[in-house]
Amino acid sequence: MTPRHTVRAASAGAALALILSGCSGTPEDPADGVPGQLRIGYQSIPNGDLVVKHHAWLEEALPDTEIVWNRFDSGGDVNTAFLAGELDIALAGSAPVTRGLSQPLGIDYQVPWIHDVIGDNEALAVTEGIDEVADLAGRTVAVPFASTTHYHLIAALDEAGLGTDDVQLLDLEPPDIQAAWQRGDLDAAFVWYPVLGQLYEQGASPLVTSGELAERGNVTADLAVVSTGFAEDHPDALATWVEQQDRAVSLLREDREEALAAIAAELNLEPEEAAEQVDQLVFLSAEEQASGDFLGTADAPGALAEHLRLTAEFLAEQGEIDAAPDTTAFENALAPAGAEHAARP
C-alpha cells in the first residue's frame with residue numbers, strides 16, 4: 001500500500017472516520033459534466049496507482065476536479081466506505097470485490113481496471129516449527145477478513161484438510177498483525193507487503209504464497225472498482241482515470257527507475273526494496289486488459305468474470321456469502337470501455 005496531494009495519511013479506520021465526518025457530500029458538478037470531486041480509495045500496494053498518485057497525473061488531467069485520496073488498509077474497509085456512499089473509485093482485492101458484488105452486500109459498483117495480478121507479495125508467514133499447513137491446527141492465525149489473503153488462507157487450509165474452526169482465527173488489519181507478531185501473539189499470518197516484509201525481518205518464513213495458490217487455480221488480483229453512478233454520470237472522467245493507470249503501467253515497463261522512485265517515495269522505502277515488491281506482481285496494459293483473458297470488451301466480457309464466479313463459489317461453500325451469483329452477474333460488473341479506449345492506437 002508519503003508525499004500526498006489532497007490526502008490524509010491514516011489507518012483504514014481513521015480514513016473512514018475522516019471521510020464520514022468531513023467528506024459527507026460531493027460538490028455539485030460543473031455544468032459541462034466534469035465531476036466536482038473524485039474520491040479515491042487507495043492502498044499501500046506497489047503498483048501503478050501509487051505512480052499516478054505520486055506524480056499527480058489525475059490532478060493535471062482533470063484540473064477542474066478536486067482529487068481526494070484516502071488510504072485504506074484492506075478491501076473490506078473499502079467495501080464499507082462504498083456502502084456509505086463515500087467513494088467513487090478505489091482499489092480492492094478480487095475476493096472483497098466478489099463479496100461486494102454478492103449478497104448480502106450487493107454493492108452497486110463495476111470493475112474498470114486490473115491494477116495487478118497478485119503473486120508472491122502475499123504469503124502465509126509462519127513461526128519456526130511450522131513446516132506445512134496441517135501444522136496450523138490449534139494455532140493462532142491472523143488475516144484481514146474479507147481480503148484476498150482471507151480467501152487464500154481458507155483455500156490453503158482446505159487443501160490441507162482443515163477448516164477455519166481448526167485454527168484460532170483472528171481478524172486483524174495489517175498494522176495490527178505486525179503489532180501482534182511483535183508481541184508474540186501469533187503463530188501465522190496471511191498478509192501482504194509492507195507488513196509481510198516486516199514479519200520476514202522478525203524471523204517469519206513463507207509457508208505458501210498467493211502466487212503458488214494461483215498456479216493451483218486460486219487466482220487473485222487487485223482490482224479497481226467504480227460506483228455505477230459515477231461511471232454512468234462521468235464516463236469521460238473514468239476514461240481519463242484509466243488512461244493515467246495505463247500510463248503508469250507503461251512507465252513501469254519503459255522507465256522502471258522512475259516508476260520505482262515514485263513507488264518507493266509513497267511507501268517510504270528504498271528503491272531496491274520497492275523493486276523487490278514490484279517484481280512479485282504482474283501488471284497489464286490496457287491492450288492486454290481489453291483481451292478475452294481479462295476484462296474483455298463490451299461485446300465479449302473477459303475471463304475475469306469467471307475467476308470472480310469461481311471465487312464466489314468457494315466463498316459460498318465456506319459460508320462467507322449467501323450464494324454465488326452466476327457468471328452473467330460478474331460479466332455485467334465488468335466495465336472495459338476505458339481499457340478499450342486507452343488501447344486504441
Side-chain angles (χ1 to χ4, degrees), residues 1-4 9 11-12 41-55 69 71-75 78 90-96 113-126 142-144 147-153 173-178 181 189-215 219-224 245 247-285:
M1 227 107 152
T2 315
R4 293 167 176 81
S11 67
Y42 76 102
Q43 296 190 47
S44 296
I45 297 174
N47 58 31
D49 208 25
L50 294 186
V51 176
V52 173
K53 175 180 176 294
H54 185 77
H55 288 301
W69 294 86
R71 184 175 69 82
F72 291 82
D73 284 326
S74 71
V78 166
L91 181 153
S94 50
W113 186 253
I114 301 170
H115 284 291
D116 57 75
V117 178
I118 296 171
D120 294 342
N121 64 305
E122 294 186 355
L124 178 58
V126 298
V143 68
S147 68
T148 49
T149 54
H150 188 195
Y151 165 60
H152 268 167
L153 173 62
E173 293 298 312
D176 299 320
I177 287 176
Q178 197 275 336
W181 194 279
F190 212 138
V191 70
W192 53 87
Y193 279 91
V195 168
L196 180 61
Q198 294 166 357
L199 300 191
Y200 289 158
E201 290 173 1
Q202 295 171 50
S205 301
L207 189 61
V208 63
T209 71
S210 289
E212 291 167 344
L213 289 165
E215 291 175 357
V219 178
T220 56
D222 289 312
L223 307 177
Q245 294 292 334
R247 179 182 176 187
V249 172
S250 295
L251 193 70
L252 279 160
R253 293 180 173 183
E254 298 169 8
D255 193 343
R256 178 180 167 85
E257 185 174 342
E258 182 179 344
L260 289 176
I263 291 171
E266 289 293 320
L267 296 178
N268 195 26
L269 297 173
E270 293 298 322
E272 295 78 11
E273 297 175 291
E276 182 180 353
Q277 296 185 28
V278 165
D279 288 344
Q280 295 170 353
L281 296 168
V282 177
F283 305 107
L284 305 168
S285 68

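For reference, positions follow the sequence shown, starting with 1.
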Sequence neighbours left out, what passes salt bridge (Lys or Arg N to Asp or Glu O under 4.0 Å) with D279? Give chain and number order.
R256

Please indicate whether Q202 has more than 12 foreign heavy atoms, meaning atoms of other residues, nucleotides or ligands, lying under 6.0 Å from its CD.
yes

Between H150 and V143, does the side chain to side chain contact (heavy atoms under 4.5 Å, CB included) criterion hold? Intermediate values first, please.
CA-CA 6 Å; H150 188 195; V143 68; 4.0 Å; yes

Full working for side chain to side chain contact (heavy atoms under 4.5 Å, CB included) between Y42 and L91:
CA-CA 5 Å; Y42 76 102; L91 181 153; 5.6 Å; no

Locate the shortest heavy-atom distance separating [X] from [Y]; write the atom from each residue and the value.
{"X": "L284", "Y": "R253", "answer": "CA-NH2, 3.9 Å"}
{"X": "L124", "Y": "L153", "answer": "CD1-CD1, 4.2 Å"}
{"X": "A90", "Y": "V78", "answer": "CB-CG1, 3.6 Å"}
{"X": "A95", "Y": "S147", "answer": "CB-O, 3.5 Å"}
{"X": "Y193", "Y": "D120", "answer": "CE1-O, 4.4 Å"}

Does either side chain, that of E122 or that of T149, offer a donor lying less than 3.5 Å from an acceptor on the other one?
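No - no donor-acceptor pair under 3.5 Å links their side chains.
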
Below 4.5 Å, heavy atoms only, C-beta onward: do Y151 and L213 meet side chain to side chain?
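When only atoms from C-beta onward are counted, L213 and Y151 do not touch, as no gap falls below 4.5 Å.
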
Under the criterion side chain to side chain contact (heavy atoms under 4.5 Å, CB included), I'd like the reasoning laid out for D222 against Q43: C-alpha separation, chi angles, the key distance, then a yes or no.
CA-CA 10 Å; D222 289 312; Q43 296 190 47; 6.0 Å; no

Do H55 and R247 pass the side chain to side chain contact (heavy atoms under 4.5 Å, CB included) test, and can you show the C-alpha distance, the side-chain angles, and the key distance before you say yes or no?
CA-CA 11 Å; H55 288 301; R247 179 182 176 187; over 6 Å; no

Member of H152, E215, Q280 meeting the side chain to side chain donor-acceptor pair (under 3.5 Å) criterion with S210
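Running side chain to side chain donor-acceptor pair (under 3.5 Å) over H152, E215, Q280 with S210 returns exactly one hit, H152.
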
